[in-house]
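Have a look at the structure below, then the notes.
Computed from a predicted model, the values in this text were never measured in an experiment. Reminder, nothing fancy here: chain letters follow the sequence lines and each chain counts from 1.
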Number of protein chains: 2
Amino acid sequence: MQLSLAEENYLKAIYFISGPERNLVNTNAVAERLDTKAATVTDMLRKLKKKGLVSYEPYKGVRLAETGEKLAIGILRKHRLWETFLVEKLSFGWEEVHEIAEQLEHVRSSKLTERLANFLGNPQFDPHGDPIPNKEGVFPRRENLTLDKAEVGDFLLVKGVKDSSVDFLNYVAKLGIRLGDSIEVMGVESFDQSMKLKHEGSVLHLSAMACANIYISRG
Amino acid sequence: MQLSLAEENYLKAIYFISGPERNLVNTNAVAERLDTKAATVTDMLRKLKKKGLVSYEPYKGVRLAETGEKLAIGILRKHRLWETFLVEKLSFGWEEVHEIAEQLEHVRSSKLTERLANFLGNPQFDPHGDPIPNKEGVFPRRENLTLDKAEVGDFLLVKGVKDSSVDFLNYVAKLGIRLGDSIEVMGVESFDQSMKLKHEGSVLHLSAMACANIYISRG
DNA sequence: ATAAATTTTTAGGCAAATCTAAAAATGAAT
DNA sequence: ATTCATTTTTAGATTTGCCTAAAAATTTAT
C-alpha cells in the first residue's frame with residue numbers, strides 16, 4: 001500500500017498515543033500530537049478507515065487495524081535504524097537525530113531498510129535505548145526497570161532513556177551518561193528520593209524524576 | 001528558502017535540461033522530463049519566478065536564476081552523495097541507486113549532508129563517475145574524453161558513464177566493467193567503428209554507441 | 001505572406017490536506 | 001433529568017499541485 005506522508009504520520013501518531021495497551025485514541029489527542037485541528041483529524045480518520053488501516057467509529061475514537069499497525073511499526077523500524085546510523089556512523093548527538101530521522105523514515109525501499117540494518121549490525125536498540133522491531137515487526141525485549149527502582153549498593157548498566165525529549169537528552173548528555181555506562185547506587189535521599197550515584201569514577205546527584213526516566217539493568 | 005518537493009524537482013529538471021551552456025528551457029521539455037502537462041509547468045514557472053528562483057518570460061522559456069541554480073546544485077550534491085553511500089556502504093549496484101537517491105536528496109539538513117560527505121571521504125565523483133559539487137557548489141573537473149575517441153594501442157582507465165540509464169548501466173555491469181578498470185584498445189572496426197578491447201585479461205567487443213558513453217582517461 | 005502546425009498559456013476544475021465557524025453528540029454536574 | 005461544558009463532526013473555504021479543453025502566440029511550411 002502506497003501511503004502519503006500525512007497518512008504515515010497519522011498512523012505513527014495513533015500508534016504512539018494508543019500505547020502498548022492499544023487503547024482507543026481520541027481525535028483531540030491526535031490533533032495535539034500532530035499540531036493540527038480536530039476537524040482535520042476527523043477527515044483523515046475517515047480516509048484511513050476507508051483504506052482499512054484503522055477501526056474508527058465517529059465520537060468513539062480510533063485504533064489501528066492490523067494492517068495499520070504493521071505499517072506504523074515499519075516506519076518506526078526505519079526511524080530507529082536511521083537514528084542509529086546518524087549516531088553510530090555520522091557522530092551525531094542523540095538529541096539531534098530525531099528530527100532528521102523523521103524525514104528519513106519516509107523513504108520507501110525495503111531493500112534500503114534491510115541493507116541499512118545489516119550495515120549497522122542489525123542493532124536491537126537505538127541510541128536512546130528504544131527497541132528496534134525486526135523486519136517482521138517483532139520487538140526485542142527490554143527490561144523496563146528504571147533507575148528510581150534500584151537500591152543502595154546496586155551495580156547497574158544504563159540501557160536507555162524513557163523520556164526522549166531534547167531537553168532530557170541534553171541533560172543526560174551533559175552529565176556524561178551514555179548507553180552501556182555502569183552506575184553504582186551510593187545512596188537515596190529519603191526526603192525527595194534523589195539519588196547519589198557513582199559514575200565513571202565521579203559522584204553524581206540525580207533527582208527522582210531524572211532517575212525514573214533512565215532504563216537500567218542489574219549486573 | 002523552504003522549497004516543496006515539487007519545486008525542488010522543477011529546479012532540478014530545469015538545471016539538467018539547460019545543460020552546461022545554461023540554455024533557455026522550453027515548457028514542454030520540462031513537462032516531458034517530469035512526466036506532467038505543459039499547463040502544470042506554466043503554473044509552476046510563474047510560482048518559481050515570483051520566488052526569484054528562475055527568470056521566465058511567457059512564450060520565451062525559462063532559465064535558473066542564481067539562487068535557483070545554487071539550490072539545484074545543492075540537491076544534486078545530496079543526490080550524488082547518497083548514491084555513493086548506497087554503492088560504497090550498502091553494496092547496491094549502480095543501476096539501483098538512482099531511484100532511492102531521488103528520495104534521499106530531499107532530506108533537509110545541511111549538517112547531515114556535510115557529515116555524510118565526510119563519512120564517505122569527501123568523494124569527488126559518484127558511482128557513475130559523475131562529479132559531486134562541493135559545499136560551495138563547485139564541481140571537480142573531469143576529462144570529458146569518451147572511449148570512442150581513443151586509438152588502437154591506447155591504455156585507458158574507466159572514469160564514468162555518460163548515459164546513466166538503467167539499461168546502459170546494467171549492460172556495462174553485465175560486461176564486468178567498473179569504475180577505475182583499465183582497458184587496452186586492440187582494434188577499431190572500420191565498418192561500424194565498433195571496438196575490440198582487452199579488459200581484465202579477456203577480450204570485449206563494444207559498439208561505437210556504447211563506447212561514446214564511457215568516459216576514460218589516458219594512462 | 002498567409003495558412004497550417006506546434007507550443008504555450010489561460011480558464012475552469014479536481015483531489016489532498018489543511019483551516020475556521022457552526023452544529024451535533026457526548027459526558028459531567030447540579 | 002436537565003443543563004452546561006467539552007469533544008467531535010459537518011459545512012464551507014483555502015492552498016498546492018495537478019488535470020483537460022480552449023484560446024492565443026509562435027514557428028514552420030507552402
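A ring-centre distance under 6.0 Å is found for B:F85 and A:F85.
Residues forming a salt bridge (Lys or Arg N to Asp or Glu O under 4.0 Å) with A:E57 (at least two apart in sequence, or on another chain): A:K49. Among residues two or more places apart in sequence or in another chain, the salt bridge (Lys or Arg N to Asp or Glu O under 4.0 Å) test is passed with A:K89 by none. For the salt bridge (Lys or Arg N to Asp or Glu O under 4.0 Å) test, residues two or more places apart in sequence or in another chain that qualify with A:D130 are A:R142.
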Show me the donor-acceptor pairs, under 3.5 Å and distance only, between side chains in residues 104-124 of chain B and residues at least two apart or in other chains.
| residue | atom | partner | partner atom | Å |
| --- | --- | --- | --- | --- |
| B:E105 | OE1 | B:H79 | ND1 | 2.8 |
| B:E105 | OE2 | B:K12 | NZ | 2.6 |
| B:H106 | ND1 | B:E8 | OE1 | 2.5 |
| B:H106 | NE2 | B:N9 | OD1 | 3.2 |
| B:H106 | NE2 | B:E102 | O | 3.2 |
| B:R108 | NE | B:Q2 | OE1 | 3.4 |
| B:R108 | NH1 | B:L3 | O | 3.0 |
| B:R108 | NH1 | B:E8 | OE2 | 3.4 |
| B:S109 | OG | B:L112 | N | 3.0 |
| B:K111 | NZ | A:E96 | OE2 | 2.4 |
| B:T113 | OG1 | B:S109 | O | 3.2 |
| B:E114 | OE1 | B:R77 | NH2 | 2.5 |
| B:E114 | OE2 | B:R77 | NH2 | 3.4 |
| B:R115 | NH1 | A:L90 | O | 3.0 |
| B:R115 | NH1 | A:S91 | O | 2.5 |

Which donor-acceptor pairs under 3.5 Å do side chains of residues 58-67 of chain B form with protein atoms, sequence neighbours excluded?
| residue | atom | partner | partner atom | Å |
| --- | --- | --- | --- | --- |
| B:R63 | NE | B:R22 | O | 3.2 |
| B:R63 | NH2 | B:R22 | O | 3.2 |

Counting only pairs under 3.5 Å, give me each side-chain donor-acceptor contact of residues 171-181 of chain A, with atom names and distances, residues two or more places apart or in other chains.
| residue | atom | partner | partner atom | Å |
| --- | --- | --- | --- | --- |
| A:D181 | OD2 | A:R178 | N | 2.9 |
| A:D181 | OD2 | A:H199 | NE2 | 2.8 |

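One can place CD of B:E8 at 16 Å from P of D:dT16, the figure rounded to the nearest angstrom. Distance, A:E7 CD to C:dT18 P: 10 Å, rounded to whole Å. The separation between A:R46 atom CZ and C:dT18 atom P is 15 Å, rounded to whole Å. Atom OH of A:Y56 is separated from atom C1' of D:dT10 by 11 Å (rounded to the nearest Å).
Within residues 27-45 of chain A, the residues approached by DNA chain D to less than 4.0 Å at the level of any non-hydrogen atom are A:T27, A:N28, A:A38, A:A39, A:T42, in residue-number order.
Residue pairs meeting the side chain to side chain donor-acceptor pair (under 3.5 Å) criterion with at least one partner in residues 29-42 of chain A, sequence neighbours excluded, are absent.
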Shorter than 3.5 Å, N or O on both sides, protein versus nucleotides 22-29 of chain D: list them out with atom names.
| residue | atom | partner | partner atom | Å |
| --- | --- | --- | --- | --- |
| D:dA25 | O4' | B:Y59 | OH | 3.4 |

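For the OP1/OP2 pair of D:dT7 and a distance below 4.0 Å, the side-chain nitrogens and oxygens of A:N26 include no atom meeting the criterion.
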